[in-house]
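Structure first, commentary second.
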Amino acid sequence: MKKDKEILKKVTALKEELAAVSEAHLEACMNKANALLSSLYQQYDFTRTIVHMDMDAFYAAVEMRDNPSLANIPMAVGGEDMLSTSNYIARRYGVRAAMPGFIARKLCADLVIVPTDMAKYSAVSRVIRSVLSQYDPNMTPLSLDEAYMDFTDHLVKRRELDDQSRTFPEFSETMCRCEPEERLGVVSSTEGISSAVGDGVADVPNLNEDNLQNSVATDDTRILPSATNSDTEPSEARIMKDTTVSTDTSQCPRCNMPHNPKRILFDVGVEDAVREMRHRIHLKTRLTASAGIAANCLLAKICSDQNKPNGQYMLPFTVDAVQDFMKDLPVRKVPGVGKVSERQLAAFDVKVCSDFYKHRDVLYFLYSGGMFEYFLSVYLGLGANRLSKNEDGPKSKSVERTFRGMSDPDQLRTLCHELSLELAEDLKSAKNLQGKTVTLKIKLVTFEVKTRSQSLPTATNDGEDIYNVANQLLTTEMKNCSSKPLKLRLMGVRMSNFTTSDSKQQKLKVIRDTNSTPSDKRISFLDKIEAERKSEKVNQSCNEPLGLLAYMSTDKPIGTTSNISNAGRNVSTKLSSVWDESGDVTTRKTGKIIELLEGASNTDPWSLADSTSSSVATIPSDSTVKTATKYGPLDFYRSSKSGALDPWAKDDSSSLGGF
DNA sequence: TACATACAC
DNA sequence: TATGGTGTATGTA
């Protein structure tokens, strides 16, 4: 409603812009687009076979599995405030994920809402992943219930597998569904599996089939008809007619259920491989999955949605098939095109992917280069066909909480403190991550969202450090709109800009000192820094430009920008935070850290010009400069005898910040 | 770097 | 009866 208006406003603005543009300009846009198109066209690559698998209504399916009374009624998983997912019955009423519970109830009065149990879903997810890994050890999960796999290598190996390795028991609730684990010749670690069992998947008889003589009953094996087209049928439907039921009623020693004499043999082709994978997920979890098979991730992902639930779809590996498939695909199905983009694009008559082509001149004009290229590549059906290796840790960590309108500053501060401490704990348990950028997020009662961030010169994960920054940002915000009360419905704290083993990140270190600090203390602080560096196992050479951090005491607020001139060169700096003797961040309102990123000279005095006060300060020439040749940055501090010469004394004589 | 948006799950 | 939490990417300034 209100959102719609904003989108509309943006669209009309864009339309006006478009109307004002000359035809010649649009023609130029068309030419550019065509040029890009022909270069993109070169990029087709059908050498890999990518599979995207997606569990059907995952959370809801798990809950239905574990509580059969939920199986035939509309239900959803989540809270009254927000649903995570709904089962297919509830979907018929329009009940969807990301829908608040009270709206869902309006749509479906009988809706049963089951609370989320992430621990359980994680456990199930581990079991699923153990299956997926056997088809691609480098499988990359997108979430608990979704993953990409590159089947290329498996398909090669698969041709060498004997029938037995491609044979699995039929699914039956009341019979043994165990299978030998290593039959595909892929060593699978069973640790994850065994820990998952008992945890969250107690209902699955026994998933921990380490190996076993639970071999295949070959006489009763059904051969799948070789699949020629995309499969929409549930795998059970493929089981062949009636066969004599075996008289083998021996029990499985692991799950204590009778062996199922009925077996399914899966073929060596791609589609059977994927059907087999889905079947094995079903055997192990009693849950169904859908899958897409295509030449790249983009297509595979779109395809997995095609025959959902409990189906799969393969897009043939030819340019024609791909283009034909994309032609009529609604843009909304494209990953990355959400509600807003859909509306926006629709306003310019772009509804299906071929419209990306049809209106390429207009789109070229309207969108950024990156977005435009994405649109065209989507139109062509191009996408990554190597799975990214997920090797970098998280790029940010955050904690946020929604509550009922709150405006009391003390309460807000308390909350901010709690969030900061929580975040700190998260960071510590996440490989002791340390970050430099703290972001405060607030959502007003009006649903307006604001983020305010501030970067520190050094990384931290200390709760109080984080709070100091977050609270500073919060205070600024509260002051900033003091006319109104600043009523919030959400507050969040995020840390980003994590320190990596990159030399870049370790370029700068802080040296600080006060004149009240005896020199031994100063030295111990230097030692501390030194020790820190050693512990970070740095062995970078000194190719970086010399850097320096100086400390100055002031009452300027954080965020004040200053210009420092170093040998005639201006370097813009920003007041960011204050350290005490131990190097810990303590105060936020007084003090100043100045970073000089380049051009440090270790002999000349530095002159400092504060842009806000126009005052000029000069570092006395008796300053002592230390060079840390091994690590790159220049360490700089002044000898103890600063005295009256200290140019910064005028800023705050009480805590005279000497070097 | 700071901020707003959009998006996915 | 009143709309979540976590994380990523991108555009823009």
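From a predicted model like this one, the values you see are computed outputs, not experimental measurements. In what follows, chains are A, B, ... by sequence order, proteins preceding strands, each numbered from 1.
For C:dG5, the OP1/OP2 oxygens have a side-chain nitrogen or oxygen of A:T402 closer than 4.0 Å. Contact between the side-chain N/O atoms of A:S341 and the OP1/OP2 oxygens of B:dA6 is not found at any separation under 4.0 Å. The phosphate of B:dA4 (OP1 or OP2) has a side-chain N or O of A:R452 nearer than 4.0 angstrom. Between A:T85 and B:dC9 there is no side-chain polar atom (N or O) within less than 4.0 angstrom of OP1 or OP2. Between A:K450 and the phosphate of B:dC3, there is no side-chain N or O to OP1/OP2 separation shorter than 4.0 Å. Between A:S398 and C:dG7 there is a side-chain N or O to OP1 or OP2 distance below 4.0 Å. Phosphate contact (OP1/OP2 of B:dA2, side-chain N/O of A:S455, threshold under 4.0 Å): present. An OP1 or OP2 oxygen of C:dG11 is reached within less than 4.0 angstrom by a side-chain nitrogen or oxygen of A:S368. Applying the 4.0 Å criterion to OP1 and OP2 of C:dT1, one finds that A:R105 has every side-chain N and O outside that range.
Between the C1' atom of B:dA6 and the CD atom of A:E448 lies a distance of 17 Å, rounded to the nearest Å. Counting to the nearest Å, the C1' atom of C:dT8 and the OH atom of A:Y374 are 14 Å from each other. As rounded to whole Å, 14 Å separates atom P of B:dA2 from atom CD of A:E477. Counting to the nearest Å, the C1' atom of C:dT6 and the NZ atom of A:K397 are 8 Å from each other. For the pair A:K443 NZ and C:dA2 C1', the computed distance is 12 Å after rounding to whole Å. For A:L440 and B:dA4, the CG to P distance is 11 Å, given to the nearest whole Å. In this structure, A:E6 places its CD atom 7 Å from P of B:dT5, rounding to the nearest Å. As rounded to whole Å, 14 Å separates atom P of C:dT1 from atom CD1 of A:I103.
Within the nucleic acid shown, A:S84 has no heavy atom closer than 4.0 Å to any nucleic acid atom. Among the protein residues, A:M371 comes within range of the sugar-phosphate backbone only, with heavy atoms under 4.0 Å from sugar or phosphate atoms but none that close to a base. A:E146 comes within 4.0 angstrom of sugar-phosphate atoms only, judged by non-hydrogen atoms across all strands, and of no base. Within 4.0 Å of A:R494, counting heavy atoms only, lies no atom of the nucleic acid at all.
Summarising the local packing, NZ of A:K428 is surrounded by more than 12 heavy atoms from other residues, nucleotides or ligands at distances under 6.0 Å. By the neighbour-count criterion of 12 heavy atoms within 6.0 Å, atom CZ of A:F348 is densely surrounded, having more than that number from other residues, nucleotides or ligands. Shown here is A:K32, whose NZ atom has no more than 12 heavy atoms of other residues, nucleotides or ligands within 6.0 Å.
Toward the 5′ end of DNA chain B lies the nearest nucleotide of A:I7, the other residue of the pair A:L142 and A:I7 mapping further downstream. Of the two residues near DNA chain C, A:E400 and A:G370, the one whose nearest nucleotide lies more 5' is A:E400. Residues A:K395 and A:M82 each lie close to DNA chain C; by heavy-atom proximity, the contact nearer the 5' end of the strand is made by A:M82. Each of A:K10 and A:A98 was matched to the nucleotide of DNA chain B holding its nearest heavy atom; the match closer to the 5' end belongs to A:K10.
Looking at every heavy atom in both residues, A:M495 comes nearest to A:G435 through SD-C, 3.3 Å.
Of the candidates A:T499, A:N468, A:D465, A:D465 is the only one forming a side-chain hydrogen bond (donor to acceptor under 3.5 Å, both in side chains) with A:T460.
Base pairing of C:dT1 is not made with any nucleotide, judged by Watson-Crick or G-U wobble geometry with both donor-acceptor distances under 3.5 Å.
Using cut-offs of 30° and 60° for the angle between ring planes, the A:Y367 and A:F375 rings count as perpendicular.
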Side chain to side chain donor-acceptor pair (under 3.5 Å), that's the test. Do A:E63 and A:Y121 meet it? Break it down for me.
CA-CA 9 Å; A:E63 297 302 340; A:Y121 314 142; 2.6 Å; yes
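For C:dT3 and B:dA8, the P atoms lie 23 Å apart once the distance is rounded to whole Å.
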